[in-house]
Amino acid sequence: MDSRAVLTLFVLSSILLFKDNVCVAYKKTVTQPHVLFILADDLGFNDVSYNGRNHGSAMKTPTIDKLAAEGVTLGNYYVQPICTPTRSQLMSGRYQIHTGLYHRNFYPDRPQCLPLDEITFPQKMKDSGYATHMIGKWHLGFHKKECLPTYRGFDTFLGYYLGSEGYFNHNRSDSVEGIKMNGYDFHRDVGENLTPAWEYNGQYSTFVFTQEAQNILRQHKPTDKPIFMYLPYQAVHGPMEVPEQYKEQFKDKIKDKNRLNLAGMVSCMDEGIANITKTLKETGLYDNTIMIFSTDNGGPTILHYNNWPLRGAKGTLWEGGVHGVGFVHSPLLPAQVQGTVNKAFIHVSDWFPTIVQSIAGGQLNGTKPLDGFDVWDSIIKGTSSPRKELLHNIDPYFVKVTNITQLPSPFTPDIHAALRVGDWKILTGNPGVYNGWIPPLESGIVPIQPVMPEGKNIWLFNITADPDEKYDVAYKNPSVVKMMLAKLAEYYNTTVPVLWPDPDPNCDPANHGGVWGPWM
């Protein structure tokens, strides 16, 4: 072949290669879906009306109901019993025993955060070509700037760092070693630019977060990167604050003040989700968006949130604390699964690999070993879940029961723990304070209180047959108990040291311009 022919072949090959690369890049830009992940705070299992309407609840969530009914409702979906652990497992894809976050929530005065050597979910979304935005509650540490959302994978952040605050004034009070502290906790962070957002003082957070989401969607251009938006609402966590107009429709049915406020808060959040969905459609983004909705834990029944007919509440390992509300909504879902209830076994830690790998088309390299599974085929094809078991938690520092009866087992059954393997669920130690079945106040149903024998520290349930945990079958199935305790012992052997440092009074906002923020 002469030199001119070689040159011609080289040029043609280069053109074709360039063309192919452009096509691949264009295809990736066009087909990568936008991902909107909405996390509701403290929303009870029975506080969405698609569950509650059959169980005496007066709550109304027409938008959530409609989105779930048109999508895939997750009927066997689990989260953690309190706020920080659920968020840590969502962000890391790892059980809290493997990150040291298995004891309680994060508090303002303790220098804690999701360990900085953990590769996070939003970091992998950025690696996959996404613009990453967070709006709402962080609750994964703030004592160092490196702990904050825009240092952990998010391009932008509008919200608050702590676990709770006023909905209008965005203030949080605390007391450390007798020192009373109070500070403002609302921030607009972009990259390394961390800015207290004083302009939102007096504005209701559900409105603010909804409007911020709408603004980001409206500003998106077809040539921009696809959007990953994480929207962990403050709603409906306490304090019980909501504009008056949202309570009016419930006053005839709900007389309890807390329950009435909650109904208004739920309704306001539902309206916010409706407004965001409308904006997605108006901007033309809806047809290429996957929306995922999840609760972070069960409702705190002490404030009349409701998980009926499930047993227990927020802060417990009973189903009322860990059985979440969740759905996936998108016109991209196959027609045959739209409008279905999916019974695949799914946990909040599964979203990391599922979204990064199967939705975003990214890679999971560089992470520590994940405890989550890619469950996308289970959602869109109805196949069985790759998840066969779930460690709800092990916390050796939780309050232990007294007068325990030791069993010959490699795992000490006085430790607060729970594990699910297939249909079986075992609980050990003290499962939590709220052990009964508590109906919504407005239902007129009489609460059921369980018999809790003194010194009892092992319960076994067939959750598939008994989802409300009414029939303890531990003594009828000693071989199953032995197997489950052995598995708990295996998990316990992989537990890393707990991250629970002493309080540090240097966190005082008085030393930092009246703002809760990094102090180290």
Side-chain angles (χ1 to χ4, degrees), residues 78-120 138-144 146-148 152 161-164 174 176-177 296-297 314-317 321-322 347-349 352 367-372 389-402 404 409-420 426-433 457 485 487-507 518-520:
Y78 286 85
V79 291
Q80 294 307 108
I82 52 177
C83 306
T84 295
T86 287
R87 287 162 170 76
S88 73
Q89 297 203 35
L90 173 63
M91 288 292 116
S92 70
R94 287 161 51 78
Y95 288 150
Q96 59 204 84
I97 64 164
H98 296 148
T99 59
L101 308 183
Y102 47 86
H103 183 62
R104 300 189 181 180
N105 277 320
F106 282 177
Y107 295 103
D109 55 356
R110 295 180 189 269
Q112 306 162 288
C113 77
L114 180 68
L116 297 177
D117 59 352
E118 295 287 345
I119 301 297
T120 67
W138 178 232
H139 209 190
L140 286 175
F142 71 99
H143 68 287
K144 294 181 179 180
E146 291 82 7
C147 299
L148 299 177
R152 305 307 301 267
Y161 300 151
L162 304 182
S164 64
D174 202 4
V176 182
E177 298 180 354
D296 69 336
N297 46 248
K314 175 183 179 178
T316 77
L317 294 173
V322 298
H347 181 244
V348 68
S349 63
F352 186 143
T367 67
K368 292 186 177 183
L370 298 180
D371 295 305
E389 60 187 62
L390 170 61
L391 178 68
H392 291 295
N393 196 26
I394 300 174
D395 182 2
Y397 302 100
F398 199 85
V399 177
K400 298 179 181 179
V401 298
T402 57
I404 62 172
S409 164
F411 179 78
T412 305
D414 65 333
I415 291 176
H416 172 84
L419 173 69
R420 172 90 175 268
I426 191 169
L427 300 95
T428 64
N430 182 344
V433 176
N457 60 6
L485 291 175
K487 280 188 173 289
L488 277 172
E490 290 175 12
Y491 278 113
Y492 190 58
N493 289 337
T494 71
T495 301
V496 302
V498 67
L499 183 60
W500 190 248
D502 291 334
D504 183 358
N506 292 315
C507 68
W519 75 89
M520 286 187 171

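At a cut-off of 3.5 Å, with distance as the only test, a side-chain donor of Gln80 or His347 sits close to an acceptor on the other residue. Defined by atom type and a distance below 3.5 Å, a donor-acceptor pair is missing between the side-chain atoms of Tyr397 and Arg104. Residues Asn105 and His139 have side chains that never bring a donor and an acceptor to within less than 3.5 angstrom of each other. Using a 3.5 Å distance cut-off with no hydrogens or angles, the side chains of Asp395 and Asn393 do not pair a donor with an acceptor. Glu389 and Tyr491 are linked by a side-chain donor-acceptor pair at a separation below 3.5 angstrom, with hydrogens and angles left out of the test.
Atom CG of Leu101 and atom CZ of Arg94 lie 10.0 Å apart (nearest 0.5 Å). Rounding to the nearest 0.5 Å places CZ of Phe106 at 7.0 Å from OG of Ser88. Atom NE2 of residue His103 and atom CD1 of residue Ile82 lie 9.0 Å apart, to the nearest 0.5 angstrom. For the atom pair NE2 (His143) and CD (Gln112), the distance works out to 8.5 Å, reported to the nearest 0.5 Å. How far OG1 of Thr494 is from CD1 of Ile97: 3.5 Å, rounded to the nearest 0.5 Å. Here the CG atom belonging to Leu485 is positioned 11.0 Å from the CD1 atom belonging to Ile415, to the nearest 0.5 angstrom.
Checked for salt-bridge contact, Lys368 and Asp117 meet the test: a charged N lies under 4.0 Å from a carboxylate O. Salt-bridge annotation for Arg87 and Asp296: present, with a side-chain N of the basic residue lying under 4.0 Å from a carboxylate O of the acidic one.
Between Tyr107 and Pro503 there is no side-chain heavy-atom pair separated by less than 4.5 Å. Between Phe352 and Thr367 there is a side-chain heavy-atom pair separated by less than 4.5 Å. With a 4.5 Å cut-off on side-chain heavy atoms, Leu499 and Arg110 do not count as touching. Tyr161 places a side-chain heavy atom less than 4.5 Å from the side chain of Leu148. Between Arg152 and Leu116, the closest side-chain pair of non-hydrogen atoms falls below 4.5 Å. Side-chain contact between His416 and Leu317 is present, with at least one heavy-atom pair separated by less than 4.5 Å. Side-chain contact between Leu114 and Thr120: present, with at least one pair of heavy atoms (C-beta onward) separated by less than 4.5 Å. Side-chain contact between Trp519 and Pro111 is present, with at least one heavy-atom pair separated by less than 4.5 Å.
His98 pairs in a side-chain contact (heavy atoms from CB on, under 4.5 Å) with only one of the listed residues (Leu391, Asp371, Leu370), which is Asp371.
Contact detail for Lys314 and Pro81: the closest heavy-atom pair is CG-O, 3.4 Å. Closest approach of Tyr102 to Pro497, counting heavy atoms only: OH-C, 3.6 Å. Nearest heavy atoms, Cys83 versus Asn297: N-OD1, 3.3 Å. The shortest heavy-atom contact between Pro413 and Thr428 is O-CB, 3.4 Å.
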Original post:
side-chain contact (heavy atoms from CB on, under 4.5 Å) between Ile394 and Leu488: does it pass, once the steps are laid out?
Top reply: CA-CA 8 Å; Ile394 300 174; Leu488 277 172; 4.1 Å; yes
Original post:
Under the side-chain contact (heavy atoms from CB on, under 4.5 Å) criterion, do Asp414 and Asn430 qualify, and how do the steps go?
Top reply: CA-CA 7 Å; Asp414 65 333; Asn430 182 344; over 6 Å; no
